2 protein chains.
Amino acid sequence: MPKSITRTYSRYTYNAAALLGALIREARNERKLTAQELADRAGISRGLLQRIEKGNLKCEIGAVFEVATIVGIKLFDANERTLMKYLRQTKDKLTLLPKSVRKKTKEMRDDF
Amino acid sequence: MPKSITRTYSRYTYNAAALLGALIREARNERKLTAQELADRAGISRGLLQRIEKGNLKCEIGAVFEVATIVGIKLFDANERTLMKYLRQTKDKLTLLPKSVRKKTKEMRDDF
DNA sequence: TTTCCTTGATTTATATATGGACCATAAAAT
DNA sequence: ATTTTATGGTCCATATATAAATCAAGGAAA
């Protein structure tokens, strides 16, 4: 980031990340994995795993998802197969939608 | 990162991020928002939004969740209220679990 | 109780994600 | 058909997330 930018997050975003972190912590305990062990499996540092479990919003989503996957948390309540099905469906739907969102220059009677 | 590390991700992680990105794109189209408009609302750059919609795993989770929230995607299939309920439940459960995962020094007959 | 491992926190160096500017192309509106 | 603008790239400078090392405190096992 060239310019120093302070992001603001909605409460929903905070809570979603916090919940995912807590679920990871819970699953790690149930599977009797130390933080170091889980971090090693995910290919990340123990420090990063700590931040993930605390729900830190500045972590890369890949690391968070990977850790969640390793401890068996189902994102979107879907297994691999279902996930790919959803993905395909959504992409198909996307090809039907307009490629770009255009604003009408003249008055658009969308909102009244 | 001191040492240059190349992460590896499971297919599940790839697909989960790709799905979330596609859902965001779909929701953005339905709400007739240009990439720039949505990026502005989320306080991020258009370039970052592009990467998010492509399912890039190196984006910060806070930015991804915030964008998803803005276009109305319900993470964990839960609204604000339900999200906080889950969070409280999980945290409560966490307090009951052992604070640290200990490996028994002697042979632990866990795996055979 | 004592030992020893796990966790939490802090610090430092550096790899890198991000913002911003740019351009080319696509596609929607006129 | 023409115009206009959204999108998708690229490149660059820099703010910062991360890995690694270290230490202290807590708590589970012996």
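Excluded from the calculations below are hydrogen atoms, water molecules and symmetry mates; all remaining heavy atoms, backbone and side chain alike, are included. The structure presented is a predicted model; accordingly, all values stated were derived computationally and were not measured. First the proteins, then the strands, lettered A, B, ... as listed; each starts at 1.
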*Hydrophobic cluster partners of B/Leu94 (side-chain heavy atoms under 4.5 Å)*: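 In the cluster with B/Leu94 are B/Leu97.
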*What pairs of residues pass the side chain to side chain donor-acceptor pair (under 3.5 Å) test when at least one of them lies in residues 86-97 of chain B, not counting sequence neighbours?*
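The answer is A/Glu26-B/Lys93.
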Would you indicate, yes or no, if [N] has its OP1 or OP2 atom less than 4.0 angstrom from a side-chain nitrogen or oxygen of [X]?
X	N	value
A/Lys99	C/dA26	no
A/Arg25	C/dG8	yes
B/Arg7	C/dA15	no

*With a 4.5 Å limit on heavy-atom distance, are the side chains of B/Phe76 and A/Leu20 in contact?*
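Yes. Closest side-chain heavy atoms under 4.5 Å.
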*With nearest nucleotides of DNA chain D determined for B/Ser100 and A/Asn56 from heavy-atom distances, which residue corresponds to the more 5′ nucleotide?*
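With B/Ser100 and A/Asn56 compared, the 5'-side residue is A/Asn56.
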*Which sits closer to the 5' end of DNA chain D, A/Ala63 or B/Lys54, going by the nucleotide each is nearest to?*
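It is B/Lys54, whose closest nucleotide lies nearer the 5' terminus.
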Please state how far atom [atom1] in [X] lies from atom [atom2] in [N], giving the value in whole angstrom units.
X	N	atom1	atom2	result
A/Glu66	D/dT18	CD	P	15 Å
B/Glu60	D/dA15	CD	P	16 Å
A/Glu53	C/dT6	CD	C1'	12 Å
B/Leu57	C/dT16	CG	C1'	15 Å
A/Leu97	C/dA28	CG	C1'	14 Å

*Looking at residues 33-52 of chain A, who's got a heavy atom less than 4.0 Å off DNA chain C?*
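Those residues whose heavy atoms fall under 4.0 Å from DNA chain C, taken from residues 33-52 of chain A in numerical order, are A/Thr34, A/Ala35, A/Arg46, A/Gln50.
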*Closer to the 5' end of DNA chain C via nearest nucleotide, is it A/Val101 or B/Thr6?*
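The 5'-side residue here is B/Thr6.
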*Output yes when A/Glu60 and B/Arg7 qualify as a salt bridge under the 4.0 Å nitrogen-oxygen rule, no when they do not.*
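Looking at B/Arg7 together with A/Glu60, the answer is yes, because their closest N to O distance falls below 4.0 Å.
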*asked:* Quick test of your reading of the model: are A/Glu66 and A/Arg41 salt-bridged, counting only N-O distances below 4.0 Å?
replied: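 No, this pair does not count.
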*Cluster overlap B/Met84 with B/Phe65, hydrophobic side-chain contacts below 4.5 Å*: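 Cluster IDs for B/Met84 and B/Phe65 differ.
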*Nearest to the side chain of A/Arg102 - C/dA28, C/dT7, D/dA28?*
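It is C/dA28.
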*State which of D/dT18, D/dA6, D/dA17 makes the closest approach to the side chain of A/Lys58.*
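From the listed options, D/dA17 comes nearest.
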*Work out which heavy atom in B/Cys59 is nearest to a heavy atom in B/Leu48; give both atom names and the distance.*
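The answer is SG-CD1, 3.9 Å.
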